[in-house]
Amino acid sequence: MLKFSKIQEIIPEKEISLLKNISNMGHEDIIYCTDTETNLKAIIAVHSTKLGPGLGGCRMWNYESNLAALNDVLRLSRGMTFKASITGLNLGGGKAVIIGDSSKDKTEKMMESFGEFVESLKGKYITAEDVGMTTSDMEMIKRKTNHVVGTPKSMGGSGDPSVVTAYGVYMGMKGSANFLWNNDNLKGKKILIQGIGNVGKNLIQYLQKEDAIIYINDINNEKIEEIKKQYNVSELNDIDMFKEKIDIYSPCALGATLNNNTIPKLTCSIVAGAANNQLEQEGVHDIMLKNRNILYAPDFLINAGGIINVYAELEGYDKKEIIRKTENIFNTT
Ligand code: NAD
């Protein structure tokens, strides 16, 4: 049975009050969705629809608690508002999280059930893929709603957005280099990519062409070995990545890697990566970076390639315009 709940029904008010920012973030809608038949547990957060419908991917993750999932979706959806706005797209900000292990818990029926929830919001929220979700999941969701983008190219969709996201991050990195060093050439620069998933591995290709010195870090050893076979890269483990002097740190895994523990140990001059919500706490960790003279390229600005790519599905623009808009990330940075 599909059921919408108030967030207070699943998370005690006392715990919600721990999320100090919940009321100041200004969300328009926070919806908890459950379906007992398909085991779906999801939260959809619509932050703003002022500039257009709230578009943002759906993340499937094995959160340690409902509160952790709520915290994530609130911050991610607000980031989408910033991202669409700074990129000049007629979109608001929204995001969804499905609570569960995408490698074990995901089923076709669960995806369809999520699609029904998205449909019931009547276009206020448009979903897409994010960590733990794929273009074929979008295909299943599309059986129940048209408010979905990022479907496979075979269905007329824009396909996997991560190539364009990586290109945008590359543009943001060059924009940051230009700002700091008066030269956007990355030849010989030492760059650490943390997280060599869909975005990270595409980023390697752009950086390799420019003869950057590339370091990689990932929790998945198989991926490390695979990438080492394909590209001229060196691995840095979690300890060595804070010992080696590098020029650019590119967080391309999950969020909150810029925190009290890591910032004092950073050896780089620039942080420029794809991961959403890199700062554990806004207003604290951005200041810490500034005080250490480290230039930070805001994640919501330089990882906008993906949203530019999926927005083409709604607006009907072509590949050339996608590239033009993505290259403009250099100027905005
Ligand atoms: P992905 O799941 O394909 O890759 C993430 C990689 O990070 C994996 O290889 C994983 O093993 C690794 N990882 C996870 N935790 C780690 C840790 N603690 N240390 C080191 N490595 C770790 O995801 P993706 O699509 O490449 O996206 C990467 C990030 O960029 C995410 O935060 C995502 O939200 C953001 N992003 C992605 C897109 C896109 O188009 N895919 C668009 C905008 C933002």
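When a residue number appears, it is its place in the shown sequence, counting from 1. Counting starts at 1 for both ligands and their atoms, following the listed order.
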Has ligand 1 got any nitrogen or oxygen that is less than 3.5 angstrom from a nitrogen or oxygen of K223?
yes
Given that the side chain starts at C-beta and the backbone is N, CA, C, O, which of these parts of D218 lies under 4.0 Å from ligand 1, counting heavy atoms, or is it both or neither?
both
Which pair of non-hydrogen atoms, one from A69 and one from V97, has the smallest distance, and what is that distance?
O-CG2, 3.9 Å
Which one holds for D130 and ligand 1: side chain close, backbone close, both close, or neither close, with close meaning a heavy atom under 4.0 Å?
side chain
For ligand 1, which is the ligand I care about here, please tell me if K83 has any N or O atom under 3.5 Å from one of the ligand's N or O atoms.
no
Quick one: which of A274, A253, G255, A304 has a heavy atom closest to atom 32 (O) of ligand 1?
A253
Using a 4.0 Å heavy-atom threshold (strictly under), name the region of I219 that reaches ligand 1: side chain, backbone, both or neither.
both
Which protein heavy atom lies closest to atom 2 (O) of ligand 1, and at what distance to 0.1 Å?
V131 CG1, 4.0 Å
Structural part of R59 in contact with ligand 1, heavy atom criterion under 4.0 angstrom:
side chain
What residue pairs, at least two apart or across chains, pass side chain to side chain donor-acceptor pair (under 3.5 Å) with a residue in residues 199-208?
Q205-Y231
Closest protein heavy atom (residue, atom, distance) for atom 3 (O) of ligand 1:
N198 N, 2.9 Å
Heavy atoms only, cut-off 4.0 Å: how does C252 contact ligand 1, side chain, backbone, both, or neither?
backbone
Cationic tip of K265 within the cone over F242's six-membered ring, i.e. under 6.0 Å and within 45° of the normal?
yes
